[in-house]
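Here is how names work: the chains are called A, B, and so on, in the same order as the sequence lines, proteins then strands, and each is numbered from 1.
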Number of protein chains: 2
Amino acid sequence: MFVENEKHITIQALHRMPYYLQKLRELKNEGVEVISAPKIAQMLNLNEVQVRKDFAAVSDSKGKPKAGFSVLELISQMEELLGFNNTDDAVLVGVGSLGHAFLAYKGFEEYGLNIVAAFDLNPEFIGREISGKIILPADKISEMCFRMGIHIGIITVPEEQAQKVCDQLVAGGVLAIWNFAPVHLSVPENVLVKNENLAASLAVLSKHLKEKMKNL
Amino acid sequence: MFVENEKHITIQALHRMPYYLQKLRELKNEGVEVISAPKIAQMLNLNEVQVRKDFAAVSDSKGKPKAGFSVLELISQMEELLGFNNTDDAVLVGVGSLGHAFLAYKGFEEYGLNIVAAFDLNPEFIGREISGKIILPADKISEMCFRMGIHIGIITVPEEQAQKVCDQLVAGGVLAIWNFAPVHLSVPENVLVKNENLAASLAVLSKHLKEKMKNL
DNA sequence: TAGATTGTTAATCGATTAACAATC
DNA sequence: TAGATTGTTAATCGATTAACAATC
């Protein structure tokens with residue numbers, strides 16, 4: 001069977017989407033109804049062909065020569081693509097300072113993520129509640145994920161524990177893992193790991209700074 | 001003048017470094033003194049040539065044919081490259097739930113980042129302390145950064161305020177900005193913005209999940 | 001009509017991967 | 001020596017950018 005309408009969207013393009021979306025919402029609030037790719041490109045400091053291709057990748061609706069694209073249509077198609085419209089349930093493992101923070105963070109809901117439970121190894125934390133989410137013992141991960149039909153796991157444990165926790169999540173049927181531990185996780189090929197690499201980001205900043213300071 | 005020994009390291013390579021470093025530290029703890037690129041590649045699920053090139057980019061010391069690379073040397077050279085050895089001071093702007101979290105997060109220090117002060121617009125927060133860091137009014141950003149010689153700013157404000165805060169940081173002499181607001185920031189060309197894109201990461205997870213569930 | 005903008009094909013660029021001689 | 005591994009040059013791959021005809 002030949003799949004005709006399967007849109008190919010690169011991961012790089014996906015990462016540009018939130019910035020398009022933010023700008024489009026801003027334009028909408030200013031009452032702008034139609035916008036051209038070159039104008040968006042200039043505002044976001046991108047190449048105009050890239051913007052046109054990105055827009056083509058999200059939306060079936062076409063732009064109008066001389067005018068541009070419908071702001072409202074782009075917004076709703078991007079929200080759909082980014083999954084902001086439908087909410088996914090997730091669990092979080094590791095209630096250290098970063099995990100604690102994420103439990104309290106309101107922003108994830110806006111992006112369509114709902115943390116329904118948290119786990120930790122430390123018996124001191126177990127049974128406590130953070131932002132209305134109860135903390136359960138880590139040895140219940142697989143069972144709970146399976147029972148609640150959870151398919152997203154967030155890992156905020158120290159590096160030594162990350163792989164073990166990951167295995168438990170996978171055993172519980174989790175298919176997508178958001179990993180904040182600076183460790184490579186081994187998973188079966190149908191499971192996706194999205195690594196969040198705060199150390200590397202900081203290294204980028206620190207390197208830039210070092211070079212700038214050298215020139216002063 | 002001709003610069004011979006200026007190492008070129010791509011941003012992609014830099015992002016792989018924390019994973020090398022973690023694995024190398026693990027090997028060190030197991031008493032391993034020398035490791036080959038193909039073995040590391042296998043452990044981290046990377047291409048072996050890529051590993052060799054990455055190692056060559058960080059270290060002047062060469063690997064030994066048939067043996068491999070010195071684990072200890074690689075560790076210290078990577079720590080140096082990633083800036084884990086020297087600490088940079090930074091300020092944080094926006095003490096909402098994410099900003100609050102970061103102030104409490106212990107992990108940044110390990111990566112060589114020290115948050116020395118926080119700012120917020122909300123008068124309710126001002127003067128309060130979080131993890132020993134005092135919260136100052138946002139209109140003092142430029143002055144304080146300048147006076148304290150701060151060159152790194154972390155932005156955790158809502159999107160509407162991000163550009164303004166960014167301008168204040170730049171006015172105060174900040175040269176590197178870690179931006180958690182899903183907004184494109186306009187800065188002078190000598191200033192670096194490193195965008196942290198939680199919404200995009202979540203979209204990657206959510207998209208993967210949707211495709212997997214479709215096939216069940 | 002003239003001109004801005006679109007969509008698409010071709011060229012460029014940069015990173016990854018393959019191939020292979022040199023080395024211990 | 002034989003063979004694993006290195007460092008490097010060449011080929012491949014994929015994303016970005018340039019060029020340009022089609023359109024309103």
Exercise for the section: Would you check if the side chain of A:His208 reaches a backbone N or O of B:Asn190 as a donor-acceptor pair within less than 3.5 Å? Expected result: yes
Exercise for the section: Look at A:Arg25 together with B:Glu160 and state whether they make a salt bridge at an N to O cut-off of under 4.0 Å. Expected result: no
Handout entry: A:Leu209 side chain near B:Asp88 side chain, heavy-atom distance below 4.5 Å
Key = yes
Problem - Base-pair map of DNA chain D as dot-bracket, where | denotes pairing with a different strand and pairs are Watson-Crick or G-U under 3.5 Å - result: ..||||||||||||||||||||||
Listing, residues 99-119 of chain A side-chain donor-acceptor contacts under 3.5 Å, not counting sequence neighbours, or none:
from, atom 1, to, atom 2, distance (Å)
A:Lys106, NZ, A:Ala104, O, 3.3
A:Asn114, ND2, A:Asp89, OD1, 3.1

Completion exercise
ring-ring contact (aromatic ring centres under 6.0 Å, His included) filter on A:Phe55, not counting sequence neighbours, yields A:Tyr20, A:Phe69
Completion exercise
Separation of C:dG7 atom P from A:Glu48 atom CD, nearest Å, is 12 Å
Problem - B:Ser59 side-chain N/O to B:Leu74 backbone N/O, donor-acceptor pair under 3.5 Å - result: no
Exercise for the section: Just do the salt bridge (Lys or Arg N to Asp or Glu O under 4.0 Å) check on A:Lys23 and A:Glu26 with the steps written out, would you? Expected result: CA-CA 5 Å; A:Lys23 184 55 78 179; A:Glu26 202 179 298; 3.4 Å; yes
Practice task
Check each residue of residues 185-198 of chain B for a non-hydrogen atom within less than 4.0 Å of any atom in DNA chain C, then write out the ones that pass by number, or none.
Solution key: none
Fill in the blank from the handout: Rounded to whole Å, CG of B:Asp60 lies from P of D:dT6 at a distance of 17 Å
Problem - From D:dG7, C:dT6, D:dT5, nucleotide with atom closest to B:Pro65 side chain - result: D:dT5
Problem - Side chain to side chain, B:Leu14 and A:Val204, heavy atoms closer than 4.5 Å - result: yes
Handout entry: Enclosure of A:Lys164 NZ (heavy-atom neighbours >12, cutoff 6.0 Å)
Key = no
Problem - Intermediate values then yes/no, side-chain hydrogen bond (donor to acceptor under 3.5 Å, both in side chains), A:Glu196 and B:Ser201 - result: CA-CA 8 Å; A:Glu196 211 64 48; B:Ser201 296; 3.0 Å; yes
Exercise for the section: Report yes if at least one side-chain N or O of A:Lys39 is closer than 4.0 Å to OP1 or OP2 of C:dT5; otherwise report no. Expected result: yes
Practice task
Measure the distance from CG on B:Leu44 to C1' on C:dT16 and round it to the nearest whole Å.
Solution key: 16 Å
Exercise for the section: Looking at every strand, decide which applies to B:Phe55 at a 4.0 Å heavy-atom threshold: base, sugar-phosphate, or nothing. Expected result: nothing
Exercise for the section: Please confirm whether the backbone N or O of B:Asn197 pairs with a side-chain atom of B:Asn195, one donor and one acceptor, at under 3.5 Å? Expected result: no
Practice task
Calculate the interatomic distance between A:Ile40 atom CD1 and C:dT6 atom P; express it in whole Å.
Solution key: 10 Å
Measure all distances between protein nitrogen or oxygen atoms and nitrogen or oxygen atoms of nucleotides 17-21 of chain D, and list the pairs falling under 3.5 Å.
from, atom 1, to, atom 2, distance (Å)
D:dT17, O4, A:Lys53, NZ, 3.0

Practice task
Spell out, as yes or no, whether a donor-acceptor pair under 3.5 Å connects the side chain of A:Glu33 to the backbone of A:Ser70.
Solution key: no
Exercise for the section: Verify, without hydrogens or angle tests, whether A:Gln163 (side chain) and A:Ser186 (backbone) share a donor-acceptor contact under 3.5 angstrom. Expected result: yes
Practice task
Check whether any side-chain N or O of B:Lys64 sits under 4.0 Å from OP1 or OP2 of D:dA4, and answer yes or no.
Solution key: no
Handout entry: Residues in contact with DNA chain D, drawn from residues 10-26 of chain A - heavy-atom cutoff 4.0 Å
Key = A:Thr10, A:Gln12, A:Arg16
